[in-house]
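These values consider heavy atoms only, across backbone and side chains, with no hydrogens, waters or symmetry-generated copies. So you know, we letter chains A, B, ... as the sequences are listed, proteins then strands, and number each from 1.
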Amino acid sequence: MEKKEVIVEVKHMDKRFGSTVALNDVSITVRRGEILGLIGENGSGKSTVTSIIAGMQKADGGEMLYEGREWHPSSMINALENGIGMIVQETGTVPGITVAENIFLGEIEQFKKGVINRKQMMRKAGEILDSIGASHIKPQMITGALDLQDRKLIEIAKVMSKNPQILVVDETTTALSQIGRDIIYKIMEKMKEENKAVVFISHDLDEIMNVCDSLTVLRDGKIIVTFAKEEFNEDLIKTSMIGRELQGDYYRSDYDGRYDSEVVLEVQDGNLGDQLIDFNLQLHRGEILGIGGLSHCGMHALGKVLFGAEHMAKGKVLCHGQMVKDEAFAMKNRIGYVAKDRDVESLCLNASIKDNIAAGGLDQFAVSRFLILPGREKAYVQKQIDGLSIKCQEMNQYVSALSGGNKQKVVFGKWIGRGSEILILDCPTRGVDIGVKQAMYQLMYQMKKEGKSIVIISEEMAELIGMVDRLVVMKDGRISKEFERSNTLSESDIIQYMI
Amino acid sequence: MKKLLAMILCIALCMSTVVGCGSTSGEGNAAADTTNQPAESAGTDEDAEEQTTAQGGMDAVAELDMSKTVKIGVLVSDSTTAESLAFQNYYKEYIAKNYNVELMYSDELVDAAGEKSAIDTFITNNCKAVISFSSFDRMAQLNQCADAGVYYAVATGTLTNDEYESVKTNEYYVGAIGPSLDVEFQAGYDMAKHYLDQGKKNFAIFGGALPYYTEMHIYRAAGMLMAMVEAGGEGANYQGATDKDGIVGKIFETATIETGSIGSINILGYVGGYDMDEAWFAKCGQMAQMDGLEVILAVGNGSDFFGTSAQGTDVKIASVDAYASAYGEAMEAGMLDYLAGKFSASIGPIFAATYRAALGSPIRNSEGNALALDQGYWVATSSEQFNEYYAVDSSVESPAYTKDMLDTLLTADYAAFSEFVGKYSFDDIKAIQ
Amino acid sequence: MSKEKIKKQIMNLAPVVGLLLLYGVFMIMGTVKDINIAYGMKAIINQSIVVAVVATGAIFIYTLGSFDISLGASVATSALLGGIVYNATGSLLCMFLANIGVAVFISLFNSILASVFNLPVFVTTIAMLSVLNALVLVLIKVNGTGSEIAVPAEAVKALDTTGFKVLILVLFLVLCIFVFNFTKIGRMQKMLGGNEICARLTGISGKKMAIIGFAMAGIGVGLGAFVSTIYAPTLTKNTASSVGMDVIIAIVFGGMPVSGGARSKITAAVIGAFSMTFLGQIMTLMNFNSGIGQMVKAVIFILVVFVATFNQRSKMLPR
Amino acid sequence: MKSSKGMITKIFGIGTIPVATLVIMLALCASKGVVMFETQGNWIAFFRAVTSVMLTTFALSINLNSGRFDFSIGSISMISSIVASQICISMGFTTPVMLLISLVSGIFFGTLSGLIYIIVKLPPIIVSLGVTLFYEGFAFAITDGYGVSFVANTELTSFPSVLNYSIIILAGLAVIIFLFDYTKFGYNYKALLSGQKVSVNTGIKEVPNAVGCYAVAGGLMGVVGFISATNTGNIQMALNFGSIGVMFTAFLPMFIGGFIGRFCNERIGYVLGAVTTALISLMYARLNVDSSIQQITTALILVGFLIYLNNEGKLKKLIKG
């Protein structure tokens, strides 16, 4: 295979955050006309290296060449102006300003003729949105009023408006529905055709193997291996990502979708805006129930409703026949809830592992449900840390310093520790690396076998197919289809009911 | 770990203060005792003196030992008014430089707790006496000082009769020299009379701290009203009251001055308080610009709040305060017409009385009681007069009361002392000088 | 322990070290200047105790990430009503109960008003500040001489001892330490202060905790009012007027993060209150006038807090 | 886009509060037989209140909207007017020069305050506590506690007039609208305001923007200090946070302005908020309302308005069904 022209070369890059080494002697080559995939567990350094290339932060050592010249971007805007654009994993838009202002964030000067010419800015923003196929977004809309997907599209518009030579897509697709994904894929393909380059980061192995021309695996801040398209092999990639062979099953291996007939949690005639419409659902003892759909089909709201964290306009949620009126009631009845937006909803980042795990189990280890003895608290927390093998220096370490997977383990520890019988998991493996994912799947399966009930709300079809006893597909606040567990179920079967 | 450490430290600290306070209170007493000893010995001296005064009449006192620096605490209730700054200036620039004393000033005090903790600080710093310009709880101040064996003197205002009766024999109470409420009443009366005599009929009153029941302001206002009642012709009264007690009582009832007519005299407007918000400034402004208004009588500083609004009108403004340069300018510009001001050296005599007490030679009246002497204002009604007064008042070389004059007070007997204080008018003082 | 950790530890102890340092400077300067140190210590306790008690209670509010600017006015109101009750009943116990009752009532009113109507607590307390200040004037006018409400000095004299006041502080501090560190309440409040959404999704009721937090603060305010009254029984319109801001300063000076959350420390209030008093005493010893003294205080305040939070710098400016 | 119904809602939203307040205040005054705007002085007082409340509201909101709580604005107004008046009195400068110096020294002290903030990187509320104490102490120290009095300086104290205040209102509004809606600074400010992290990562320089905010707020407060100084011809000292009171006057107009700002430019909302509070102030003055009643009323209006704002959705639901 002929080697294509090199556009960016990273040589021996080092980066450190305090005492943790994020990048250790990393060298990457990006070529024109190619989509390069980066894959690795959380904290492997893939986002770090791309964010350095795109000017978000600076390296501690090593060098970068861009089109043969030394490359030291001062900011993302600076990088973008020079042809390197990045769409970030987290929200990259400012909610309180208009779409147009977001598109020209940090480069408003171009409309300055004495004062900022607003009209001109709006017009130009409209043109850019049209060009990427997102005409439904109007430039003067307030960004915060748009949904996640449209906000991502704005970021894409912002980047594409600069006509970049290199596009970095950092786990963007996780947050998008198929429509959004298609827009991105189209853009990536187009760039490739125009002999530009794309760096694509994703956790989704299937996706990355489909899209990319070559694939670089990182682990613990080091480059492990680079595969060319023809060398792609799922097991091999996985092994190199986690540094060992995956032992045992990834998902559960059985296709026995049986569960107890006893209903432990149910929604009756639920109505909540356009999120839930005349909604009925039952969860049984020992059942893993999957909820699938597009990101705004109402399933995330359903998760909150089941936990009593959101109140429906009409209808009721019953747990063992009793109304779930609030979160405290839900917890008393051994319901646990792992929220989708982990850093915002499930964890207190500026608190220790101990604080976070203990917060869920106060009534478990407190004497007379009130008095807290430090010894008992520590023992309780240590048990969860050991049980879930949370990687940390000590339990007083701040959660903010942990990797995504370990953070999620802390969340699990919070709920499992208190002996939850019913777990509502909203995108439990979002942003979690394969090793941890596997552990979690096995844990869920184990819990099912113990007679516990689990609801998995997920946008990843593969994990739903792999794990659930029963799959409910939602569309626009209603159930559009129900599937029983089967080894013949495929993603395309499901997707047609989602769109 | 660190939390535990912090906690232990904290508890330990508290404990140590408890234990310490057990011992501190013991030590404190011991300390107080030690401070008491010289004071007490001074007290015995004083007793002896008292006896001698009682027996031997008005003999001059023996030589004072001024070789040791005496620390005196000064309680400041308002560190930003012209009066208090002028006073501080006299102490700092004149007294402290001419006597072997170290004066400690409190921060601005706003309540009785502040006074108490300031006195605590003075005692800690071994002050031998406290001169108080703060009046939230004078009895508490005195008791606290007396308990610690520290002399105590009141420098502004005086005690009420009841209060004086209860403390006059307290050996640590030096006394009070300043305008009594009668003098305050008179000051208000004189001010209003000044204009009534000119034939003015339309007044407005600024009540200062009157709404907060500050007595000196109430008495000054009452004095003004009294003058109006007298000038108002047949049947003139203020809300039915026609005498001093009646008027004072009316003001105490409502904490305000009612506008309206007093016989032929009109009170067109009234503003009180020091809110300093937009509404308050608007009230001041509209009062100064009322139709037909001739004079604004202020129980305190008037020109600062009404001067600019009255600009361009014929309204005269009369104030009670001290001799500060700004008032001179205001008078020159015609914004201030009448000023009853305390002169900064007026606090000289109380210093002398306090100082000699601290040196072991307190002055008591003929019955052996603490001082209670009246002192009034210097009234300026023209720019020239103001400037003449101000030149003396602001001088740090030769103020109204010079060292020579005060020195005589250090050894004077009661009669001489009281006569000296009684001659407070500018001309009297000039005559003494 | 790693080097990093030791550094962290030192930063965390900065307020304590600051206090000890100030204490040392005071002792040295006091000795040099030959002041009455024993009496001085007593004075310092007297001067710190009201702020220390009120601030210790207020930690519960600050832990939640809330802010109450009306605490000083609340102390004044509760002291005045306590004074009125004493003058009516002649019982110190009644006064004490009135102090606590009124303070807790005001505090609860604040928090309930805020939680029922979804108001930001801080703004509620700003409004409350005006209302209470006005109420103070009215109370004095209606029930006092107009300029003051005075509890007879003899009535409280017996209680006006350092020992008694320190006892109140210690008892209250122990109670607060217990509630804060050894019961569910403290954990829940820290969690709420750290991340309200997460706390709610962990079954922690923000409203309930706010009410408990404000109630604890109310007890502190009531005790503060009581101590304040026995210290200076003549109550005027400006009674405790400086307490409100002093409490904020003390809490921050003692190493409490204003945003609350997991880093909250219950002992910060006492450390901060005493530090500020020592600092004030040192200013007096150095003979600074009010203006200069206040400038120096300001600089030291910023410096200490700066050092104490040195390890928490982020890329972005804090808000 | 601009349907007539939209226009009506807009006009209604903008006008209701100030107009209703005006009507209520006029009615209250009339019921007591008082003419609200009787003399020239009343107009001047009204315009002065509008001017200084408006500027204070701008100053408070600039930083508060960005989550930066600033206690120091009152002290900046005090210190800058002291510096300005000291200079003008000693050099015999005219009023416009004093205004200019007030503005410049306000900007200076504001910038200083901002610099301290970005250097120590502490939460602004803490920094502002220290800064407030520092400025108060500084003002006290440089005037020996006397403050400044220039009552007799008719040149400086002749400033208050409807015309002069109107000029400041218009100029202030124009400058603020220009700065925040038509410059890069303003756009970056808005971006940082609601998306700090994203903006910083995108390459917007937060530090200069923050300092700029403090500088602008400082400049505005310098003018506020100038207005209050030229009103009475003297500047009162304040210690121990005595200067923070000024800040509290801006909360009500800020919330009102925020509400009105849904229908138009937020700064115009603030002006109308200032107009509303100035109307209330004037009513207090015209009817000689006792200050305690005044305080309680203002607080109740604030709480009432906040309750409305925070429960609008619920209220609407309640009315509908």
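Heavy-atom minimum distance, Glu327(A) versus Gly203(C): CB-CA, 3.7 Å. Between Asn195(C) and Val344(A), the shortest heavy-atom contact is ND2-O, 2.7 Å. Of all the heavy atoms in Cys198(C) and Cys348(A), the pair that sits closest is SG-N, 4.0 Å. Taking all atoms of both residues into account, the shortest heavy-atom contact from Phe307(A) to Leu201(C) is CE2-O, 3.2 Å.
The part of Leu347(A) that comes within reach of chain C is its backbone (N, CA, C, O), which places non-hydrogen atoms under 4.5 angstrom from that chain. Within the 4.5 angstrom heavy-atom criterion, atoms from both the backbone and the side chain of Thr202(C) approach chain A. Contacts between Asn356(A) and chain C at a heavy-atom distance below 4.5 Å involve backbone atoms as well as side-chain atoms. Contact annotation for Lys414(A): only side-chain heavy atoms (C-beta onward) come within less than 4.5 Å of a heavy atom of chain C. The part of Ala339(A) that comes within reach of chain C is its side chain, from C-beta onward, which places non-hydrogen atoms under 4.5 angstrom from that chain.
Here Ile372(A) is the residue among Asn350(A), Ile372(A), Asp363(A) with the most heavy-atom pairs under 4.5 Å with chain C. Contact count versus chain A (heavy atoms, under 4.5 Å) is highest, among Ile197(C), Thr183(C), Ile204(C), Ile185(C), for Thr183(C).
Listed for the Lys184(C) side chain is a donor-acceptor partner under 3.5 Å among the backbone atoms of Arg369(A).
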